[in-house]
Amino acid sequence: AMLMALKLNISTLLESTWLSIPKEAIPFVIRAIPRKYLPTIISWIATMASCTPHIELLLLWISSLLEAHALYLKSNKIRFAASLRVLQRN
């Protein structure tokens, strides 16, 4: 469901899908996300960081994202720099 929400890139659909995923499944969902959707999900998470009351859930997503895709993010740091800076500020 999360992959389809990312493909459609509809914020309300992303949020409802994001909230419905159990905490235990987050690492598996993150690993299943193809690299081409990483900019979308990082930007969306950065946006959510400033307006969501679900901080613990957000941190679990960020942690899982960094654990699963750290090497790719590091090798493409210029591509993700702006989104990661917004995430760091929020």
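What's counted below: heavy atoms across the whole structure, side chains too, no hydrogens, waters or symmetry copies. Keep in mind it's a predicted model, so treat the numbers as computed, not measured.
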Could you list the donor-acceptor pairs under 3.5 angstrom formed by side chains in residues 66-73, with sequence neighbours left out?
unit_1: E67; atom_1: OE2; unit_2: S63; atom_2: OG; d: 3.4
unit_1: H69; atom_1: NE2; unit_2: I30; atom_2: O; d: 3.1
unit_1: Y72; atom_1: OH; unit_2: R79; atom_2: NH1; d: 3.0

_Is it the case that the side chain of T52 and the backbone of M48 share a donor-acceptor pair, with hydrogens and angles ignored and the cut-off at 3.5 Å?_
no

*Judged by atom type as modelled, is there a donor-acceptor pair below 3.5 Å linking the side chain of S50 to the main-chain atoms of T47?*
yes

From [X] atom [atom1] to [Y] atom [atom2], the distance as rounded to the nearest 0.5 Å:
X: F80; Y: L38; atom1: CZ; atom2: CG; value: 5.0 Å
X: L14; Y: N9; atom1: CG; atom2: CG; value: 6.5 Å
X: I33; Y: I41; atom1: CD1; atom2: CD1; value: 3.5 Å
X: L65; Y: L60; atom1: CG; atom2: CG; value: 12.5 Å

Pair up each side-chain donor or acceptor in residues 18-29 with any protein partner under 3.5 Å, not counting sequence neighbours, and list the distances.
unit_1: S20; atom_1: OG; unit_2: S16; atom_2: O; d: 3.4
unit_1: S20; atom_1: OG; unit_2: T17; atom_2: O; d: 2.8

*Apart from I78 itself, which Ile, Leu, Val, Met, Phe, Trp or Tyr residues share its cluster (side-chain heavy atoms under 4.5 Å, direct or through members)?*
none

*Hydrophobic cluster (4.5 angstrom, side-chain heavy atoms) - remaining members for I10*: M4, L8, L13

*Can you list every salt bridge (Lys or Arg N to Asp or Glu O under 4.0 Å) pair that touches residues 3-14, not counting sequence neighbours?*
none

*Going by the side chain to side chain donor-acceptor pair (under 3.5 Å) test, which pairs reach into residues 31-40, not counting sequence neighbours?*
none

*Give the minimum heavy-atom separation between S11 and W44, together with the two atoms involved.*
OG-NE1, 3.5 Å

